[in-house]
Amino acid sequence: MRSETISIHGGFDHDPATMAVAPPIYQTVAYEFDSADHGAALFNLEVEGFRYSRIANPTTAILEKRVALLESGIGALAVASGQAALAYAFLTLADRGGSIVAPPTLYGTSHTLLAHTLRGNGVEARFAASERAQDLAPLIDATTRAIFCESIGNPAGNICDIAALAELAHAHGVPLIVDNTVATPILLKPIDHGADIVVHSLTKFMGGHGVAMGGAIVDAGRFDWRAHAARFPQFSEPDESYHGMIYADHFGAEAFLARARSVYQRTTGAVLAPMSAFLLLQGIETVSLRMQRHVENGRAVAHWLRPDPRIAWVDYAGFPDSPYHALAEKYLAGRASSLLTFGVTGGLEAAKRFYDALKLVKRLVNIGDARSLCCHPASTTHRQMTPDEQLRAGVRPETVRLSVGLEHADDIIEDLDQALAAVEVAERAK
Ligand code: PLP
């Protein structure tokens, strides 16, 4: 089936108990066993079924199947947020120590997770000078457990050459993890270009309405953990915490997801609530239509902003002279993201005035909502980074990030216009 159909039907036809066609919200913590032996068989993973919602829940399972199908993966683990998904993905691969190699253009908290939080777990983050494969290559060695990138960087809007990064990763015997939050599988399916693991913040464009947090890890099921057992012994050695289970033996191609679920979700519990899984499923039903409108509105706003003398610069991969235009053609079929960054003429002070004068566009830190959203990354999402790290992530002091929503494009533009006029009035009054 095509993405438009999967987003509505994927992973669920109807509820066998009631014939309901909307995914039921299984608001339950636990599931009754037929007998002591049945309970033991479930815990031994000898029979299929649900035990406790910290491990799996039927509503969340529908979401997992749908996201996996949309991303061409063999399965998924849905968790409480995008950050939890990233943390579990990195830890599942590198919790016996090791390095993760990444470009500098990452969402601020993902950078902090790698550079600071996971350092305490023996994970070393190595950031390259750019997202180009030749800049990442020298950082890879025997300690490396993965290459990680955002398919479309937040907020820089840079596009990674996923096929080139996958080739590089595989040449060194490591998987490529791609955060596909900004693109969504509607614009780009990283697994089709060689990625091994795809991570999502479902909170953003996938859910699409800013009402539920969630994250997902999708596995392509292609990485051969046994063949790389020296680098990844955790998949082919007995797990003491799970009565000696060997993930590669028991789960085969699903070993990575099984370990993420059995070790990290089970013992640290960043569980997605069934109600949130339902809300995210509702959002995903319309993701293809919404992405189409996001792209159209993003294009209209970018082209309106650029020639305006009150705007200093606009970064948008849809411009023919953008350094990412060719990659936008190759990976997004020309559908550049509606996540834009720009500078207001007059620098930081002018940017702040513009920001404060917005009326329709919301001042907040989120992206991918039906509403148009605006933030100042240097003082919010990327605040924990040094000024140098910010610049390498594409965040200048005056950068304004705009997530163009689904309103009428003219209404968004009129709001931007009146906010820029307010900057001019303030400048003249000086
Ligand atoms: N990845 C990207 C690209 C993001 O933009 C975000 C949040 O903005 C995250 C991950 C984290 O997602 P969440 O807020 O759901 O934890």
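Numbers here simply count residues along the sequence, with the first being 1. Predicted, not measured: the structure shown is a model, and the values here were computed from it. Heavy atoms only: backbone and side chains are in, while hydrogens, waters and symmetry mates are out. Note that ligands are numbered from 1 as they come in the structure, with each ligand's atoms numbered from 1 the same way.
Closest to atom 1 (N) of ligand 1 among all protein heavy atoms lies Asp179 OD2, 2.6 Å. When hydrogens are left out, the protein atom nearest atom 7 (C) of ligand 1 is Lys204 CE, 3.1 Å; that is the closest non-hydrogen contact. In this structure, atom 16 (O) of ligand 1 lies nearest to the protein heavy atom Gln83 N, 2.9 Å. Protein heavy atom in closest approach to atom 15 (O) of ligand 1: Thr203 OG1, 2.6 Å. Ranking the protein heavy atoms by distance from atom 5 (O) of ligand 1 puts Asn154 ND2, 2.8 Å first.
Using 4.0 Å as the threshold, His200 has no heavy atom nearer than that to any atom of ligand 1.
Relative orientation of the Trp225 and Phe235 rings is tilted, given thresholds of 30° and 60° on the angle between their planes.
Figure legend: Arg396 and Trp313 shown as a cation-pi pair, the cationic atom lying under 6.0 angstrom from the six-membered ring centre and within 45 degrees of its axis. Judged by the 6.0 Å and 45° rule, Arg66 forms no cation-pi pair with Phe12.
A donor-acceptor contact under 3.5 angstrom links the side chains of Lys189 and Ser3, judged on distance only. Under the 3.5 Å distance criterion, with hydrogens and angles disregarded, a donor-acceptor pair is assigned to the side chains of Ser99 and Thr143.
Between Phe342 and Phe354, the gap from one ring centroid to the other is short of 6.0 Å.
For Gly82, a nitrogen or oxygen atom sits less than 3.5 Å from a nitrogen or oxygen atom of ligand 1, counting backbone and side chain alike. Ligand 1 has no N or O atom lying under 3.5 Å from any N or O atom of Ser110, backbone or side chain. Between Glu150 and ligand 1, a contact under 3.5 Å exists for no N or O pair.
Between the Thr268 side chain and the Gln265 main chain, no donor and acceptor come within less than 3.5 Å of each other.
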